[in-house]
Amino acid sequence: MLKQELARCLQQAVLEAQQRGALATAALPDVIIEHPQNAEHGDFASGFPLKLARSVRMSPMAIAEKVLEYIVPPPQIDKLWVAPPGFINFTLREDWLSMEVESMLAAGESYGDIELGKGRRVQLEFVSVNPTGPLHVGHGRGAVLGSTLANVLTVSGYAVEKEFYINDMGNQIDNFGRSLYARYRQCLDKEATMPPDGYYGNYVVDLAKEMVQEHGDRFLLLPESEAASQLVEVGITRMLQRIKQDLEVLNVVFDIWFSERSLYQGGQYDKAMELLQSGAYVAKKENATWFASSSLGEDKDNVLVRSDGSPTYFASDVAYHYNKFLERKFDWVIDIWGADHQGHVPRMKAVLKALGCDPEQLQVILCQLVTLRRGEEIVKVSKRSGDIITLREVIDEVGSDACRFLFLSRSADSQMDFDLELAKRQSADNPVYYVQYAHARIASILRFAEQQGMDCSQGDVALLTTEPELTLIRRLILLPEVIEQVAVNLEPHHLPYYAQDLATVFHSFYKQCRVVSKDEALTKARLKLVKATQIALAKVLRLMGMTAPEKM
RNA sequence: GCCCCUGUAGCUCAGAGGAUAGAGCGCUGGCCUCCGGAGCCAGGUGCAAGGGUUCGAGUCCCUUCAGGGGCACCA
């Protein structure tokens, strides 16, 4: 990328200057190239002379002037100059900018792809809810975040696998089974009491009714625990189907659905525990088995196996991450969790150390919680209370594209109010549609041009020289940088902002520059620019998992 | 009590230690004989408070205040 090239070129110039004795030798700070906010300061700028001033005992301006003499700028650069208090600024050649339109057209759908991952295998695990109820709006946020990151990492050259971890065993499953059994009995007019911490949502009642319809009263003949465990099997299957469907409506699709139970059936759990034991990270205390994480710098130890012999969720997660790293050998694993799992992160990092892995290979994105509200009223989303609003209802009300855009527009570490009223009210006049409208408008221009018999294949992009045209191109060439930024920092929220910005610049260009006109040569050139814009807009929309409509 | 996240415009939020802090919504006023007016142009108020580091802090560090989350033999 040009940015990196400029950084290298500056470093080279400093070295050169130092070798010739024009500058005192000193450790060079990281040369950071940035885009100045003010267009008068050029397309790129670096303030490194300001950082170097102290160590080489010269004024920043003098350093900048000296270094400037040794810079051999890449051919894309038009001008470079020194600006107080010690910046070096660069502008791009305008003929190079317009030629970039051709490379975008040539790249087509692959425009913006970068070679960052070099084929490294990365696993993204997200959503991973208990299959004991429908998804709510908070899960939607993680789902959108995860699927968008997966898209971006894929075009950044990683081999990505998206995985949903199914917690299909443990206390919550037992609880779900008992709740289902109680509802089942109640449906058959038998006396039953719900577990006090049971699942009180109406969907459990509906599920029980289905069970009665399909199986009659045959579960009444079984002992309670047996009946509950049979019922819960069906319950899990149904819930997973529903979860899967809801996610598909949100355009979230997984490669692998990984069952927690399989860790025990496949021997992964035993192997992981042996490994911990062999490293002496396991201790028996008060009849339970503990992970001695305090020996790894944690504040306290954690229970792996309860005194009743059942493994904790944490033990499963140890086995699961053993599987991810040592069996499946992912180079990089990204887990997306809700902020309420925050305390789990250091534990898991300690587990990686104990398993002999580099904790850096595991990256956990903590997604702050979502509060759903309707105007002033806060809507409950707890699965166990009765009155829940499901993710599906929100999607049906607001639309999948708008949901995705809204979820993506906030960084993962800021908590979020999702206001149904606002989301719907804005739906007509909303950044989501603003961006899509730009895409549809382009499609319309291209249709119109086609009707006029215009073929732009011979267009000469060198004719693109006016300010609105060049401004548009300057935005278009930012796409690879945005993708890189999202991939490196795992921050997909830059995508909607870029998309909106690009749409704004396009709309402004459209207002100022008539595309299809009597000037045939200019028309063909501008059609190329418009097509390139469509490519970039479609790309960002696709990365965000949204549709890029031809008409609205 | 300890730990994590957050505090930027009336509201919802962006902001790679850099030059004059931005967008959307809302509000006010302009703009279609013409490729889509779901659009364009113009208008203004703000970094929670206080210290520190730095040539330079919304950004890094400390303290205080405020909101959210965590600190289970739950997941």
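Computed from heavy atoms alone, side chains included, the values below leave out hydrogens, waters and symmetry copies.
- For A:N38 against B:rU20, a side-chain-to-base donor-acceptor contact under 3.5 Å is present.
- Close to B:rA75, at under 4.0 Å from its OP1 or OP2, lies no side-chain N or O of A:N167.
- The backbone N or O of A:V516 lies less than 3.5 Å from no partner atom in the side chain of A:R526, so there is not a single donor-acceptor pair.
- At a cut-off of 3.5 angstrom, the base of B:rA75 holds no donor-acceptor pair with the side chain of A:H344.
- For A:Q368 against B:rG69, no side-chain N or O and base N or O form a donor-acceptor pair under 3.5 Å.
- Evaluation of A:F87 against the base of B:rA19 yields a stacking contact (centre distance < 5.5 Å, interplanar angle < 30°).
- Among the protein residues, A:A53 comes within range of no part of the nucleic acid, since none of its heavy atoms lies under 4.0 Å from any strand.
- Atom name C1', nucleotides B:rC27 and B:rA9: the rounded distance is 13 Å, in whole Å.
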* Asked: Which dot-bracket notation, 5' to 3', represents the base pairing of RNA chain B when pairs are defined as Watson-Crick or G-U with both distances under 3.5 Å, crossing pairs as [ ], and inter-strand pairs as |?
  -> (((((((..((((....[...)))).(((((.......)))))....(((((..]....))))))))))))....
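- OP1 or OP2 of B:rG39 has not a single side-chain nitrogen or oxygen of A:T504 nearer than 4.0 Å.
- For the residue pair A:E233/A:S229, the side-chain donor-acceptor check at 3.5 Å is not satisfied.
- Atom NZ of A:K349 has more than 12 heavy atoms from other residues, nucleotides or ligands within 6.0 Å.
- A:H35 comes within 4.0 angstrom of nothing in the nucleic acid, heavy atoms only.
- At the phosphate of B:rC73, neither OP1 nor OP2 sits under 4.0 Å from any side-chain N or O atom of A:S310.
- At a threshold of 4.0 angstrom between heavy atoms, the contacts of A:Y437 include nucleobase atoms, whether or not backbone atoms are also involved.
- A donor-acceptor contact shorter than 3.5 Å is absent between the side chain of A:S294 and the backbone of A:K300.
- Of the inter-residue distances, the one linking A:L6 atom CG with A:K3 atom NZ reads 10.0 Å to the nearest 0.5 angstrom.
- The backbone N or O of A:Q500 lies less than 3.5 Å from a partner atom in the side chain of A:T504, making a donor-acceptor pair.
- Side-chain N/O atoms of A:R514 include none lying less than 4.0 angstrom from OP1 or OP2 on B:rC34.
- A distance of about 29 Å separates the C1' atoms of B:rA49 and B:rC25, rounded to the whole Å.
- Here A:Y433 does not reach the OP1 or OP2 of B:rC25: none of its side-chain N or O atoms lies under 4.0 Å away.
- When the shell of 6.0 Å around CG of A:D30 is examined, it contains 12 or fewer heavy atoms from other residues, nucleotides or ligands.
- Using a 4.0 Å heavy-atom criterion, one finds that A:N89 contacts the bases of the nucleic acid, with or without backbone contacts as well.
- Look at the P atom in both B:rG36 and B:rG44: the space between them is 34 Å, to the nearest Å.
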* **CA sep, side-chain torsions, deciding dist, call: A:H439, A:E550, side chain to side chain contact (heavy atoms under 4.5 Å, CB included)** => CA-CA 7 Å; A:H439 186 272; A:E550 299 281 311; 3.8 Å; yes
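- For the C1' atoms, the distance from B:rG43 to B:rC35 is 30 Å, rounded to whole Å.
- Counting non-hydrogen atoms under 4.0 angstrom, A:Y510 reaches a base of the nucleic acid.
- Residue A:T289 has no polar side-chain atom (N or O) positioned under 4.0 Å from OP1 or OP2 of B:rC73.
- The phosphate of B:rC41 (OP1 or OP2) has no side-chain N or O of A:H507 nearer than 4.0 angstrom.
- Applying the 4.0 Å criterion to OP1 and OP2 of B:rA75, one finds that A:R306 has a side-chain N or O inside that range.
- Counting to the nearest Å, the C1' atom of B:rG69 and the CE atom of A:M416 are 17 Å from each other.
- For B:rU53 and B:rG58, the P atoms lie 16 Å apart once the distance is rounded to whole Å.
- A:S414 comes within 4.0 angstrom of the backbone, heavy atoms only, and of no base.
- Below 30°, between 30° and 60°, or above 60°: for A:W337 and A:H321 the angle between ring planes is above 60°, a perpendicular geometry.
- Although no hydrogens or angles enter the test, the distance criterion places a donor-acceptor pair under 3.5 Å between the side chain of A:T312 and the main chain of A:L304.
- When only modelled atom types and interatomic distance are considered, A:Q436 and A:D401 share a side-chain donor-acceptor pair under 3.5 Å.
- Looking at heavy-atom distances under 4.0 Å, A:R526 makes no contact with the nucleic acid at all.
- In this structure, A:E286 reaches the bases: a heavy-atom distance under 4.0 Å links it to at least one base atom across the strands shown.
- Among the protein residues, A:Q342 comes within range of the nucleic acid bases, having at least one heavy atom under 4.0 Å from a base atom.
- Distance A:I442 CD1 to B:rG39 P: 15 Å, rounded to the nearest Å.
- Nucleic acid contact for A:K518: none, since no nucleic acid atom lies under 4.0 Å from a heavy atom of the residue.
- Here A:A449 lies out of heavy-atom contact (under 4.0 Å) with every strand.
- Only the C1' atoms considered, B:rC55 is 37 Å distant from B:rU12, to the nearest whole Å.
- Side-chain to base pairing of A:S409 with B:rC13: no donor and acceptor N or O lie closer than 3.5 Å to each other.
- At the heavy-atom level, A:G47 lies under 4.0 Å from base atoms of the strands shown.
- Dashed line: the shortest gap from a side-chain N or O of A:R447 to OP1 or OP2 of B:rC35 is not under 4.0 Å.
- Stacking here means ring centres nearer than 5.5 Å and ring planes tilted less than 30 degrees, and by that measure A:H341 does not stack onto B:rG70.
- Put simply, CZ on A:R141 is 11 Å from C1' on B:rU6, counting in whole angstrom units.
- Annotated as anti: B:rC5, whose glycosidic dihedral deviates from 0 by more than 90°.
- Using a 4.0 Å heavy-atom cutoff across all strands shown, A:A45 reaches at least one base atom of the nucleic acid.
- Looking at heavy-atom distances under 4.0 Å, A:K551 makes contact with a base.
- Atom OH in A:Y497 sits roughly 19 Å away from atom P in B:rA21 (whole-Å rounding).
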